[in-house]
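Shown next, in structure tokens, is the structure this report addresses.
Not measured: the values here are computed from a predicted model. All ligand and atom numbering here is 1-based and tracks the order in the structure.
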Amino acid sequence: MSPFLDLPPLTAAGFAAIEDQVAALLHTTADVIVTQGEALLPLEAAIRGAAHPGSTALNIVTGPYGQTFGNWLRDCGVTVVDLAVPFDSAVTAEQVAAALRENPAIDFVSLVHAEAATGNTNPVAGIAAVVREHGALLMLDAVASVAAEPLLTDAWGVDLCVIGGQKAMGGPAGVSAVSVSDRAWERIAANPAAPRRSYLSLLDWKERWTDAGRTVLPHAPAQLEMLALGACLDRIGADGLPVVIARHRAASAATRAGVRALAALTPFVPEDAHAAPVATTLRTPDGLPATALAAELLRLDPTLPVQPGGGALATTMLRLNHYGPAASPATVQGFLTALATVTGTDAGPALAAAEAAWADVLA
Ligand SMILES: *Cc1c(COP(=O)(O)O)cnc(C)c1O
């Protein structure tokens, strides 16, 4: 019999303790609701809860997830102002401020922090400041930034901060979490269309769990995923969050330096300041489709966390996911070595450049 079947049940106190660990990770004193599903669950729950029918939302699109949010917002009967920027760059606080000035009715803003799918990251602190000044609620998708770069939920003024464990945290994909500010709770409670008696209802969890003192779980918890989330939070605590963040930044810097030394491919996100620490994306040259390149790299080394871009980017963008346990020198070295072999170049200078860049970040 599997030893996992003999686990004692996860207690309410254990569940609450994991929520508290998530709150500490997000630097927030707001309520944290751990949701029993993949991160799309709290993202959809936050939007359907906070977006009032007939209201106006600013949806910032810097990658594929922003497109998903826009569709949910429209489903909710919201007038959506899409602010889209090229997927190889970042949105600026000035662009957000201009959109808010042009549309004073905006009362909700959705933003993705880092985009693992395109390899860019947005300057949340400055954007959150202009959103706060306008008086709108800010929802942040921090699934691909948590544990990879600083995430200061309260200091920045993020009202709904959504995370998942499966990227830089190196944890499970089956549970996720959202922090909910007092302002956000007020907005959700005042929304007649907010889900109730529903798997998507944050209010149900607030009433039946958070406000009830977190002593009795309303449903059976996803036991194994919760234990895995607790274990990965313990590991991040033991390593130290700054160390985990530095490892991801180093992996990004080293990959970019190595790739530039190889000169066969170029970073998809040209500006270092816009590059996400969680994944490095590369523009593939004409005649070398990313799908074929990824297959070739995986043939050389099946353990490499590489994949071609999704959708329209499948031919032109290659992605290296250096997150969680893959935020390591071995991943970067393995990738550069395989890339040098496939492109018929000498790996030596790339490996040296990567090593120097890694050391630079940690210095
Ligand atoms: C990975 C990720 C998610 C989670 O979605 P999956 O489709 O399950 O990978 C959500 N948002 C962002 C920005 C992500 O990078």
Item to complete: Number the atoms of ligand 1 from 1 as they appear, then name those within less than 4.0 Å of a heavy atom of Gln166, with their elements.
Response: 4 (C), 8 (O)

Worksheet item: Looking only at atom types and distance, does a side-chain atom of Asp239 sit under 3.5 Å from a main-chain N or O of Val244, one as donor and one as acceptor?
Response: no

Discussion item. Heavy atoms only: which of Asp141, Val162, Asn321 lies closest to atom 12 (C) of ligand 1?
Written reply: Asp141

Discussion item. Within the 4.0 Å heavy-atom shell around Ala144, which atoms of ligand 1 are there?
Written reply: 15 (O)

Discussion item. Count I, L, V, M, F, W, Y as connected when their side-chain heavy atoms are under 4.5 Å apart, and connections chain through other members. Are Ile245 and Met169 then in the same cluster?
Written reply: yes

Fill in: Sub-4.0 Å atoms of ligand 1 with respect to non-hydrogen atoms of Val112
13 (C)

Worksheet item: Would Gln21 and Asp234 count as having a side-chain donor-acceptor pair, cut-off 3.5 Å?
Response: yes

Discussion item. Can you tell me if Glu207 has over 12 outside heavy atoms packed within less than 6.0 Å of its CD?
Written reply: yes

Worksheet item: For ligand 1, is any non-hydrogen atom under 4.0 Å from Ala114's backbone (N, CA, C, O), its side chain (CB onward), both, or neither?
Response: backbone

Worksheet item: Do you see a donor-acceptor pair shorter than 3.5 Å between the side chains of Thr210 and Asp31?
Response: no

Worksheet item: Can His113 be said to touch ligand 1, with heavy atoms closer than 4.0 Å?
Response: no

Worksheet item: Taking all non-hydrogen atoms of both residues, which atom of Ala294 and which atom of Leu318 are closest, and how far apart?
Response: CB-CD1, 3.8 Å

Worksheet entry | Val278, portion touching ligand 1 at heavy-atom distance under 4.0 Å | neither

Discussion item. Which residue and atom name correspond to the protein heavy atom nearest atom 7 (O) of ligand 1, and how close is it?
Written reply: Tyr65 OH, 2.8 Å

Worksheet item: Which residue owns the protein heavy atom closest to atom 4 (C) of ligand 1, what's the atom, and how far is it?
Response: Glu38 OE2, 3.1 Å

Item to complete: Give the cluster check for Leu200 versus Val162: same hydrophobic cluster or not, with ILVMFWY residues linked at side-chain heavy-atom distances below 4.5 Å.
Response: no

Discussion item. Can you report which non-hydrogen protein atom sits closest to atom 14 (C) of ligand 1, along with the distance?
Written reply: Lys167 NZ, 2.9 Å

Fill in: Thr35-Ser176 side chain donor-acceptor pair, cut-off 3.5 Å
yes

Response to the item:
For Ala116, the atoms of ligand 1 under 4.0 Å from one of its heavy atoms are 15 (O)

